[in-house]
Amino acid sequence: DRSARESEETEQVLRGEYSWRMGEADYQVSGEAAFNAIDNVTRLFALEPDGSETEIPFPNGVAVVEEDRYEIMGTYGRQLTPALQLQLSAGGEYSQLAQIGGNGLTREFIRPKGQVSLVWQIDEDTRLNTRLQRRVGQLNFFDFLASVNLNDGTEFDGNPDLVPPQSWEFDAEFTRNYGAWGNILLRVYGAAIQDIVDIVPVDADGQSVGNLDEAMRYGVEWRSTTNFDPIGLAGLKLDSRFMLQESEVEDPLTGETREISNSFLRLASLTLRYDPPGTDWAYGAMLSHERYAPSYRLNEVFDLYEMPIFGRVFVENKDVFGLTTRLTVSNVFDGGSFLYRTAHDGRRTDPVLNFEQRERDIGPIFSIDIRGRF
């Protein structure tokens with residue numbers, strides 16, 4: 001079989017901002033207009049026994065999706081005390097989504113948005129930033145249209161009723177500077193999401209990109225830089241980053257609580273860099289691990305990830321004819337690409353049809369990076 005897709009995407013954005021100070025406060029007003037469109041043609045063909053191809057009707061594969069979006073925001077900020085700063089922003093977004101062709105229709109949305117943030121300078125080296133935000137997401141226009149993946153044998157119906165997701169998001173960030181030793185950052189965050197985009201059932205056996213009522217996402221992040229100069233190892237530093245995230249959404253097929261499809265789960269990264277004093281050379285190594293949740297469709301679950309343990313080493317010279325040149329060797333632990341897929345005979349509530357396990361070698365990656373000014 002064969003599928004063919006031809007699409008043209010356009011985006012035009014006009015934005016303006018005006019800021020001023022009056023009394024003890026700072027003010028800003030901003031406006032933005034965006035005009036986005038996609039013109040898509042998707043066709044599907046079946047191979048006949050004589051080697052010829054017959055085009056198969058593919059509803060909602062040919063359409064134009066257009067969006068006119070307007071935003072206006074106002075911002076107010078001031079110093080409440082010598083150690084406490086406040087910033088408020090409020091406004092809204094109006095958008096008109098139109099699908100021409102297929103199951104086309106036109107819809108209008110008015111969405112409030114804004115945020116409030118507080119910055120507390122606890123002392124000269126310690127700060128706490130907090131923020132509560134009302135956010136409006138953006139849609140992928142391809143999700144409005146029907147699509148097919150011949151490799152996986154899956155087909156998605158078009159969904160002209162998609163709406164942009166919205167969320168209440170909170171994060172608090174604590175930073176501490178330890179002078180010559182370096183610094184640390186600790187962040188906790190969470191989001192309550194409405195109309196999250198996922199895969200939803202259509203009719204008896206179809207599926208499409210659609211909206212679920214609500215979901216949760218929350219996590220914690222740690223970042224630090226440690227300099228070893230105070231113990232006599234001048235030019236040596238270690239950067240670290242660790243993240244853990246959980247998410248919850250009600251599966252539209254089983255009703256059970258699961259992770260958001262393909263959502264971020266965890267990250268660990270260590271980067272060691274050495275700049276020998278009095279030279280133009282630098283050396284470094286990086287070790288990292290990153291993981292995402294499986295992807296859930298109505299007929300299958302698949303887990304795709306690469307390089308569970310990723311390593312990189314580099315050597316750099318900061319004066320090669322006045323330019324900084326770096327040679328990097330990546331994937332030094334020979335990490336590969338892995339896919340685990342469970343397909344069901346119908347929906348995920350039906351018996352298992354087959355398992356697929358795929359492992360691919362990636363091998364070492366060599367790169368040269370040159371930057372600077374002549």
Side-chain angles (χ1 to χ4, degrees), residues 9-13 15 17 119 124-127 129 171 173-187 189 219-245 262 264-292 304-339 358-374:
E9 299 177 73
T10 59
E11 179 181 28
Q12 302 172 73
V13 179
R15 180 174 177 84
E17 298 179 355
V119 178
E124 184 179 355
D125 299 314
T126 310
R127 174 181 291 189
N129 300 333
D171 66 78
E173 184 178 282
F174 173 84
T175 60
R176 173 73 177 175
N177 184 8
Y178 289 98
W181 285 98
N183 56 75
I184 63 169
L185 177 149
L186 177 64
R187 182 171 75 100
Y189 61 92
V220 60
E221 177 183 11
W222 166 276
R223 283 185 287 174
S224 68
T225 296
T226 304
N227 299 314
F228 294 91
D229 300 60
I231 60 173
L233 299 175
L236 184 66
K237 72 171 183 176
L238 176 68
D239 291 317
S240 64
R241 186 184 183 195
F242 301 94
M243 290 187 69
L244 289 174
Q245 180 176 284
N262 198 38
F264 172 78
L265 293 178
R266 60 182 180 267
L267 176 146
S269 174
L270 295 172
T271 301
L272 188 67
R273 180 184 173 99
Y274 178 47
D275 293 77
T279 76
D280 294 321
W281 291 94
Y283 310 91
M286 188 266 278
L287 183 69
S288 68
H289 166 77
E290 191 170 357
R291 198 71 168 88
Y292 288 81
L304 174 65
Y305 60 94
E306 293 184 349
M307 304 178 187
I309 302 296
F310 180 75
R312 173 188 297 149
V313 294
F314 73 87
V315 58
E316 177 181 288
N317 190 288
K318 304 166 192 172
D319 188 13
V320 179
F321 301 106
L323 303 174
T324 299
T325 303
R326 176 187 291 188
L327 172 64
T328 304
V329 181
S330 302
N331 195 25
V332 295
F333 297 109
D334 198 27
S337 173
F338 304 90
L339 170 68
R358 187 187 74 200
E359 298 183 9
R360 291 177 176 171
D361 291 333
I362 295 178
I365 302 168
F366 301 91
S367 61
I368 297 178
D369 182 48
I370 301 174
R371 66 184 186 274
R373 295 182 178 181
F374 289 102

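Looking at V220 and L186, their side chains come closer than 4.5 Å, going by heavy atoms from C-beta outward. Between R360 and L339, the closest side-chain pair of non-hydrogen atoms is not below 4.5 Å. By the 4.5 Å heavy-atom criterion applied to side chains, S288 and T271 are not counted as neighbours. Side-chain atoms of I231 and W181, non-hydrogen and from C-beta on, do get closer than 4.5 Å to each other. You'll find the side chain of L287 reaches within 4.5 Å of the side chain of F333, heavy atoms only.
Salt bridge annotation for R273-D275: present, with a cationic side-chain nitrogen under 4.0 angstrom from a carboxylate oxygen.
Every ring pair (Phe, Tyr, Trp, His ring centres under 6.0 Å) that Y292 has, sequence neighbours left out, goes to F264.
Rounding to the nearest 0.5 angstrom, the gap separating the OG atom in S224 from the CG atom in N183 is 7.5 Å. The CD atom of E316 lies 10.0 Å from the CH2 atom of W281; values are rounded to the nearest 0.5 Å. Here E290 contributes atom CD and I309 contributes atom CD1; the two are 12.0 Å apart, rounded to the nearest 0.5 Å. A distance of 6.0 Å separates CZ in R127 from OG1 in T175, rounded to the nearest 0.5 Å. Considering CG of D239 and NZ of K237, their distance stands at 4.5 Å, rounded to 0.5 Å. To the nearest 0.5 angstrom, R326 atom CZ is 5.5 Å from R371 atom CZ.
When every heavy atom of S330 is checked against every heavy atom of R312, the shortest pair comes out as OG-NE, 3.3 Å. What you find for Y283 and P276 is that their closest heavy atoms are CE1-CG, 3.9 Å. Shown here for R241 and L267, the closest heavy-atom pair between the two residues is O-CD2, 3.7 Å. Listed here is the closest heavy atom pair of A268 and F242: CB-CD2, 3.7 Å. A pairwise comparison of heavy atoms in D229 and L236 identifies OD1-O, 4.1 Å as the closest pair. Minimum interatomic distance between H289 and P308 (heavy atoms only, all atoms of both residues): ND1-O, 2.6 Å.
At distances below 3.5 Å, at least one donor-acceptor pair connects side-chain atoms of N331 with backbone N or O atoms of G363. Formation of a donor-acceptor pair under 3.5 Å by the N317 side chain with backbone atoms of T325 is not found in this model.
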**Prompt:** Step by step, would you call T226 with Y178 a side-chain contact (heavy atoms from CB on, under 4.5 Å)?
**Reply:** CA-CA 9 Å; T226 304; Y178 289 98; over 6 Å; no

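Under the 3.5 Å distance criterion, with hydrogens and angles disregarded, a donor-acceptor pair is assigned to the side chains of Y189 and Q245.
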